[in-house]
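What follows is a set of notes on a single structure, which appears directly below.
Letters go in sequence order (proteins before strands), and every chain restarts at 1.
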There are 2 protein chains.
Amino acid sequence: MTLESLYERIRDSSLRLTKGKLAVLECLYHQHASLTAQEIFDRVSTQSDLESLDLVTVYRTLEALTKIGVVEQVEHSVKGRKFQIAGRSHSHTVHCIVCGVDVEMKECLLESIEQKIEAQTGFRALRHTVNFYGECALCISSEHEA
Amino acid sequence: MTLESLYERIRDSSLRLTKGKLAVLECLYHQHASLTAQEIFDRVSTQSDLESLDLVTVYRTLEALTKIGVVEQVEHSVKGRKFQIAGRSHSHTVHCIVCGVDVEMKECLLESIEQKIEAQTGFRALRHTVNFYGECALCISSEHEA
DNA sequence: AATTTACTGCAAACAAGTTGCAATTGCAAA
DNA sequence: TTTGCAATTGCAACTTGTTTGCAGTAAATT
Ligand SMILES: [Mn+2]
Ligand SMILES: [Mn+2]
Ligand SMILES: [Zn+2]
Ligand SMILES: [Zn+2]
């Protein structure tokens with residue numbers, strides 16, 4: 001999925017391709033993981049050549065882009081709402097409740113479950129957000145030392 | 001898991017078995033699903049014989065009970081943070097993004113994935129929260145009518 | 001009963017996200 | 001290219017959910 005194809009989808013909607021949208025979109029596109037609105041705001045504010053883009057505008061931009069399906073939202077149990085380019089292949093992280101590290105998994109692993117849900121409930125076009133918690137290998141071993 | 005056994009775990013901790021804790025705990029215990037702090041507050045306020053229990057106290061009680069592992073928290077993508085008795089067998093719901101209905105699954109289905117995560121990352125004692133979204137069977141069929 | 005320490009209510013502070021409004025700007029038709 | 005309008009913006013104010021400070025109250029333990 002190219003950045004240009006995302007611009008196209010914006011032009012095809014009633015949305016306008018403004019500097020703000022370009023900055024937010026580019027920021028998310030070049031980011032592999034998801035970001036909070038605040039994180040996007042911070043990056044756009046410093047990295048971009050834009051003098052300033054209000055945090056409110058970032059929220060409104062993300063909402064508009066979500067509405068046309070270019071962006072999607074996930075809930076991170078610690079960081080709250082996060083945003084990412086929609087439809088990309090994804091995986092999930094495991095969060096250590098002791099040291100706070102987030103470890104990324106190789107792949108999503110939930111597709112098979114979604115198939116069962118479709119069969120069991122008749123739901124279609126399923127999506128999901130997941131949070132896994134536990135104690136990471138490092139924290140387990142330092143526990144034994146103490 | 002009996003209610004009395006939960007009281008015991010509270011007595012064994014540094015916590016005190018107050019009217020407030022009893023009310024919150026009983027409310028959660030007799031509830032099969034999870035509840036938001038506000039929902040717990042509402043139920044305790046009306047149902048219980050307690051004249052009043054401040055919402056702040058409900059939050060502090062839930063935090064304390066979470067800390068000793070009697071209560072656990074899950075993120076509902078629509079309703080926000082919810083609370084439930086920890087360690088009960090559980091399942092998950094699928095949320096229809098069209099009509100908003102929540103359909104309960106028969107079982108959790110994620111244990112097998114947690115085993116893979118343990119093997120892949122060395123994490124232990126995994127827990128999870130999940131949100132599944134899609135379009136429910138009813139909304140799909142009414143779409144065809146229109 | 002006296003002591004200790006957790007708990008409570010109330011007010012205030014916070015954080016994330018939303019809304020109203022007037023001024024600005026993208027875009028496309030003329 | 002100019003014009004007109006709907007989309008967009010910044011700013012301030014607001015809402016909702018949650019947390020904190022503090023002074024008084026109430027469990028447990030002796
Ligand atoms: Mn996934
Ligand atoms: Mn589960
Ligand atoms: Zn760790
Ligand atoms: Zn539905």
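- Between the CZ atom of A:Arg11 and the C1' atom of C:dG26 there is a distance of 13 Å, given to the nearest Å.
- The residue A:Leu55 sits apart from the nucleic acid: no heavy atom pair falls under 4.0 Å.
- Residue side chain A:Arg60 does not reach the base of C:dG17 through any donor-acceptor N/O pair under 3.5 Å, judged by distance alone.
- Remark: P of D:dA26 and NZ of B:Lys19 are 8 Å apart, rounded to the nearest angstrom.
- Of the candidate nucleotides C:dT25, C:dA6, C:dG9, C:dA6 has the atom nearest to the side chain of B:Arg16.
- Put simply, the side chain of A:His95 does not reach to within 4.5 Å of the side chain of B:Phe123, judged on heavy atoms.
- Put simply, the side chain of A:Asp54 does not reach to within 4.5 Å of the side chain of A:Phe41, judged on heavy atoms.
- B:Tyr59 has no side-chain polar atom (N or O) that falls below the 4.0 Å cut-off from OP1 or OP2 of D:dT19.
- Between the side chain of A:Lys82 and the backbone N or O of A:Ser34 there is at least one donor-acceptor pair closer than 3.5 Å.
- Rounded to an integer number of Å, the gap from CG of B:Leu15 to C1' of D:dA26 is 15 Å.
- A:Gln73 places its CD atom 11 Å from the C1' atom of C:dG17, with the value rounded to the nearest Å.
- One finds a side-chain N or O of B:Thr61 lying less than 4.0 angstrom from the OP1 or OP2 phosphate oxygen of C:dT8.
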Begin with the C-alpha distance, continue with both residues' side-chain angles, and end with the deciding distance and a verdict on ring pair (Phe, Tyr, Trp, His ring centres under 6.0 Å) for A:His90 and A:His128. CA-CA 11 Å; A:His90 71 278; A:His128 58 260; 5.3 Å; yes
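- In this structure, A:Ser52 reaches the sugar-phosphate backbone alone: every heavy-atom distance under 4.0 Å involves primed, P, OP1 or OP2 atoms, never a base.
- The CD-C1' distance, from A:Glu39 to C:dA16, rounds to 13 Å in whole Å.
- Nearer to the 5' terminus of DNA chain D, by closest-nucleotide assignment, is the contact made by B:Phe83 (compared with the other of B:Leu17 and B:Phe83).
- One can place CG of B:Asp54 at 17 Å from P of D:dG21, the figure rounded to the nearest angstrom.
- Across all strands shown, B:Gly20 has heavy atoms under 4.0 Å from sugar-phosphate atoms exclusively, and none from any base.
- Rounded to a whole Å, the NZ atom of B:Lys21 is 11 Å from the P atom of C:dA6.
- With contacts defined as side-chain heavy-atom distances shorter than 4.5 Å, the pair A:Thr66/A:Gln73 qualifies.
- Side-chain nitrogen and oxygen atoms of B:Arg81 include at least one within less than 4.0 Å of the OP1 or OP2 phosphate oxygen of D:dT18.
- If you measure from atom NZ of B:Lys67 to atom P of D:dT19, you get 10 Å, rounded to the nearest angstrom.
- For D:dT9, the OP1/OP2 oxygens have a side-chain nitrogen or oxygen of A:Thr18 closer than 4.0 Å.
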